[in-house]
Amino acid sequence: PSLLLATAMERGERLVVEVTLRAPEQTLARFKPQEGHYAALVDAVGETLVASSLGLQLPPLARAKHMRFALPSGERMFGSAAPVAGTHFSVIVCQSEARAFAPLHAMQTQTLAGLGVSAVLSLLVGYALSRTLRQRLRVYAEGAQAIGHGALDRRLPVQGEDELGLFAQTLNQMAIE
């Protein structure tokens, strides 16, 4: 493919230049459509001049920097455009939305899995702590009832130096006195 460019010069002369697009076409051909990446060279109105895939027809995109569109196949695409300095052309690179956002979706999945595991571990630790506390309170309640009914020789086991341990020591001291 080629472009024919013409411009008016001084004294009514015209300059006509034929620009061969073979080099851009070869460069764009490096992009492999099966990888979900596409590239195109578009003119000032957004018409595709050269594309990395023969079947790639971009919608008229004008000068948008970022775009979302669907290919005729229905594949949703996400792309960006950049002007080519000194010309009225832009280069557009795009890829499928599924491929573009795959790392984000993977991160969301990993985050949700991590939150799920954390929630389950929190529940298990909470259950274990509440069970231990409940067992200690049951032993102390039975001991306090026995002492209250006159079994002053009964002693409560002192486990730890927390408030429950202090409570057991206090009940034991009351039974002695």
Side-chain angles (χ1 to χ4, degrees), residues 27-42 46 48 51-84 90-177:
T27 301
L28 292 177
R30 291 183 194 151
F31 288 88
K32 302 293 181 205
Q34 65 269 17
E35 294 175 0
H37 292 89
Y38 301 94
L41 181 66
V42 298
T48 303
S52 62
S53 171
L54 295 176
L56 179 65
Q57 285 299 315
L58 300 173
L61 302 169
R63 291 288 196 176
K65 288 186 179 184
H66 303 288
M67 62 211 75
R68 284 183 142 158
F69 58 93
L71 295 177
S73 65
E75 184 179 15
R76 302 281 308 152
M77 303 297 288
F78 181 75
S80 293
V84 177
S90 292
V91 174
I92 296 175
V93 292
C94 53
Q95 69 182 48
S96 68
E97 282 188 4
R99 185 177 176 102
F101 295 114
L104 175 66
H105 295 306
M107 185 174 61
Q108 286 176 331
T109 301
Q110 291 170 352
T111 300
L112 289 175
L115 285 172
V117 168
S118 297
V120 168
L121 287 175
S122 295
L123 289 172
L124 291 174
V125 169
Y127 176 75
L129 289 175
S130 69
R131 188 171 175 194
T132 302
L133 181 62
R134 193 173 27 160
Q135 289 172 346
R136 285 179 67 191
L137 285 173
R138 185 179 300 126
V139 169
Y140 292 161
E142 290 171 358
Q145 286 176 349
I147 291 172
H149 285 76
L152 298 177
D153 59 337
R154 175 89 182 260
R155 298 293 176 260
L156 300 176
V158 178
Q159 300 172 348
E161 296 182 18
D162 58 359
E163 287 80 6
L164 289 177
L166 180 61
F167 175 70
Q169 284 178 345
T170 303
L171 280 178
N172 289 338
Q173 188 64 35
M174 284 175 47
I176 292 172
E177 295 174 3

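Throughout, residue positions are numbered sequentially from 1 according to the sequence presented.
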Interatomic distance, [X] atom [atom1] to [Y] atom [atom2] [nearest 0.5 angstrom]:
{"X": "Met107", "Y": "His105", "atom1": "CE", "atom2": "NE2", "answer": "10.5 Å"}
{"X": "Ile147", "Y": "Ile176", "atom1": "CD1", "atom2": "CD1", "answer": "9.5 Å"}
{"X": "Leu156", "Y": "Leu171", "atom1": "CG", "atom2": "CG", "answer": "5.5 Å"}
{"X": "Thr111", "Y": "Leu104", "atom1": "OG1", "atom2": "CG", "answer": "9.5 Å"}
{"X": "Arg99", "Y": "Cys94", "atom1": "CZ", "atom2": "SG", "answer": "12.5 Å"}

> Under 6.0 Å from the NE2 atom of His149, do we count more than 12 heavy atoms belonging to anything else shown?
Replying inline: no

>> Can you list everything that forms a side-chain hydrogen bond (donor to acceptor under 3.5 Å, both in side chains) with Arg155? Sequence neighbours excluded, please.
In response: none

> Should the pair Phe78 and His66 be assigned to parallel (<30°), tilted (30 to 60°) or perpendicular (>60°) ring geometry?
Replying inline: parallel

Min side-chain heavy-atom separation [X]-[Y] under 4.5 Å:
{"X": "Val139", "Y": "Pro157", "result": "yes"}
{"X": "Arg68", "Y": "Glu97", "result": "yes"}
{"X": "Arg76", "Y": "Ser96", "result": "no"}
{"X": "Val84", "Y": "Leu41", "result": "yes"}

> Within the side chain of Tyr140, is there an N or O that forms a donor-acceptor pair under 3.5 Å with the backbone of Gly165?
Replying inline: no

>> Under the criterion side chain to side chain contact (heavy atoms under 4.5 Å, CB included), I'd like the reasoning laid out for Val42 against Val91: C-alpha separation, chi angles, the key distance, then a yes or no.
In response: CA-CA 6 Å; Val42 298; Val91 174; over 6 Å; no

> Which heavy-atom pair separates Ser90 from Pro83 by the least distance, and what is that distance?
Replying inline: OG-CA, 3.7 Å

> If you look only at pairs with a residue in residues 162-171, which of them pass as a side-chain hydrogen bond (donor to acceptor under 3.5 Å, both in side chains), with sequence neighbours excluded?
Replying inline: Arg136-Asp162

> Who passes ring-ring contact (aromatic ring centres under 6.0 Å, His included) against Phe167, sequence neighbours left out?
Replying inline: none

